[in-house]
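For clarity, every value in this text was computed on a predicted model and none was experimentally measured. Residue numbering restarts at 1 for every chain, and letters A, B, ... go by the order of the sequence lines.
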2 protein chains.
Amino acid sequence: MFFEGSEKKFEVHINPAHGSLRCLLSDVKQQLVAQAGADILSSIKSEHCEAYVLSESSLFIWDNKLIMLTCGQSTLIESALFCIETIGVEHITAFSYQRKNECFAQLQPSTFLDDVKRLNQLIAGQARRIGKLDGHHHYVFSANHNFTPTAVDNTTELMMYHISGPTADYLAGSEQHIPTINQQLNLRRLFADFTLDQYAFKPYGYSVNGIFEQYYFTIHITPQPHNSYVSLETNLDLKNNHVISELLAILQPSHWDFVGFNRQLPITLSQAQYCTAQALIDTEQGYTIEVKQFQAHQTETLTIEHLN
Amino acid sequence: MFFEGSEKKFEVHINPAHGSLRCLLSDVKQQLVAQAGADILSSIKSEHCEAYVLSESSLFIWDNKLIMLTCGQSTLIESALFCIETIGVEHITAFSYQRKNECFAQLQPSTFLDDVKRLNQLIAGQARRIGKLDGHHHYVFSANHNFTPTAVDNTTELMMYHISGPTADYLAGSEQHIPTINQQLNLRRLFADFTLDQYAFKPYGYSVNGIFEQYYFTIHITPQPHNSYVSLETNLDLKNNHVISELLAILQPSHWDFVGFNRQLPITLSQAQYCTAQALIDTEQGYTIEVKQFQAHQTETLTIEHLN
């Protein structure tokens, strides 16, 4: 019953000479998703953005920007290479590719370094690991473009590990319903203006995409016992709301990572949260990446997993 | 320059009907080691025990007990199966097989579960994982024997991750000498009565076996930058000495695990050490396993590893 919740992600920005990415043929978009071994499950559109819920995470397409995330054993690198070749390197103004360490790296079709070798044949860039090899760590490939991110070109990523409490219990229970998940996560209040597209997987698992004007958010929940994982990603400015602190209070993770691209952690911590590690990196593309790692401040009694 | 420091280990106990394990032919002992892809580098003997420093860790042989540890990408499972078949299942009174999670699991020739499938064809037992999948965790296969451990059949394992300070700097430096390592680790005082067998690897890395009467200890150091690892294992009673607290003070790890087989952690912690998790398991073979995980109580600034 193990599912690798950790996402791989790529983000590409293009110049206007290419024309809008939203005008790519529907067939091309489907090929893009198929390259990762994923399917489109549903989609929503706004004036600015198209958002697709995938069998493994999400795809967002703006006129000049595309973000694709996939989890499990998906081959996102194939989608990234397909995307670069379809758009044409000459039209790409910024490109990044990320992976999170996986629990079962031996089940992945490629390593981050394998992926970087292939990317570097098309786009020169810098590959970095942030975080210790024997703990949660983040791999970032960032192209050498001279790019100037705009106010909406920033990202907040929140990765929550080992959730607990009543919502965690419900999410890993025998049956879940979208309205209840929605209510438990308090999404209508946290993302009041957003159009939502939600999907509940069997026997459990949940994805939601939300879009509003130029903004997006996406939440993916892998609630499996012994190794639950929830991710939030958004370009919304979280300074004036309580999204992060509310999600932490609802989901009660034992560990969580914040990764900000031109975003800093917008909350102050309670005594119960302890910052174990932090890093700050300036990339060639005009992004400052802030990474902070946290854990709940208590001694945990380990559950023993019987393997036979 | 990455080397997988984490050890795999098996321990086998036999009945007197087999005759002494020390009387196994030297050729058989060499085959045993070769099965793991390792070589014997040197050896020492006492009245009770033979101890071998291997190219990947250590082998200890008593009349009625054998312990073998190997690190790197070694195939210890082959040695374990060879050992069981050479001794004969009917002579084995207790058997256990352990693995630590690896940093690069995808480089290992087998997973713990692969190994357990093969072991279970010869010896029935229980396989368990202790610790979270996304953190340091320990795999233990313990046979279903009805065994009564004696006073020397216990084990203290100490695994120290990310060492720091002057000794760590020396160990990862351009040149190391056995007398200096010996002095920095304070081995002559911590293990005063023991006969030592030490080996310094190139460009770095250090192993020591020590034996005295029925007792053994072994320390293995993988001092690589970004991912250093030091392990101590012994059946010595550490209640009345300072081995653990002194090694922690000298090596200053950011994280460390204690695993005791019929041994409890013999020290009280300073304020600077924080226990993040613990577990207690009773095995079928008469062992109580205590696992405790610790970390230094400070926010660390992550170093960024550039991968290209």
Practice problem: Identify which of His162(B), His137(B), Gln293(B) forms the greatest number of heavy-atom pairs closer than 4.5 Å to chain A. | Solution: His162(B)

Self-check item: Residue pair Glu305(A) / Tyr139(B), side-chain heavy-atom distance below 4.5 Å
Solution: no

Quiz item: Checking heavy atoms, do the side chain of Glu102(B), its backbone, both or neither come under 4.5 Å from chain A?
Solution: neither

Practice problem: Examine whether an atom of Leu113(B) lies under 4.5 Å from a heavy atom of chain A, and if so say whether it belongs to the side chain, the backbone or both; otherwise answer neither. | Solution: side chain

Quiz item: Just wondering, more than 12 heavy atoms not from Gln264(B) lying within 6.0 Å of its CD?
Solution: no

Self-check item: Toward chain A, the part of Asn227(B) with a non-hydrogen atom under 4.5 Å
Solution: side chain

Practice problem: Flag the one option from Ser6(B), Cys275(B), Ala279(B) with the top tally of heavy-atom pairs under 4.5 Å to chain A. | Solution: Cys275(B)

Quiz item: Got Gln278(A) and Leu302(B) here, is their nearest side-chain heavy-atom distance under 4.5 Å?
Solution: no

Quiz item: Side chain, backbone, both or neither: which part of Phe2(B) has a heavy atom under 4.5 Å from chain A?
Solution: side chain

Practice problem: Locate the shortest heavy-atom distance separating Tyr274(A) from Thr299(B); write the atom from each residue and the value. | Solution: OH-N, 3.8 Å

Quiz item: Given that the side chain runs from C-beta out, which part of Ile304(B) has a heavy atom under 4.5 Å from chain A: side chain, backbone, both or neither?
Solution: both

Exercise. May I ask you to list the residues in residues 116-130 of chain B that approach chain A closer than 4.5 angstrom, counting heavy atoms only, ordered by number?
Key: Val116(B), Asn120(B), Gly125(B), Gln126(B), Ala127(B), Arg128(B), Arg129(B), Ile130(B)

Quiz item: So which of Ser254(A), Ala277(A), Gly131(A) has the largest heavy-atom pair count under 4.5 angstrom toward chain B?
Solution: Ala277(A)

Quiz item: Where on Thr111(A) is there a heavy atom nearer than 4.5 Å to chain B: the side chain, the backbone, both, or neither?
Solution: side chain

Quiz item: Is there side-chain contact between Phe141(A) and Leu307(B), with heavy atoms separated by less than 4.5 Å?
Solution: no

Quiz item: Is it the backbone or the side chain of His255(A) that comes under 4.5 Å from a heavy atom of chain B, or both, or neither?
Solution: side chain

Quiz item: Are side-chain heavy atoms of Asp134(A) and Tyr229(B) found at a separation under 4.5 Å?
Solution: no

Quiz item: Taking the side chain as C-beta and beyond, is there a heavy-atom pair between Thr276(A) and Glu300(B) under 4.5 Å?
Solution: no

Self-check item: Most chain A-contacting option - heavy-atom pairs closer than 4.5 Å, from Asn101(B), Leu133(B), Ile281(B), Val291(B)
Solution: Leu133(B)

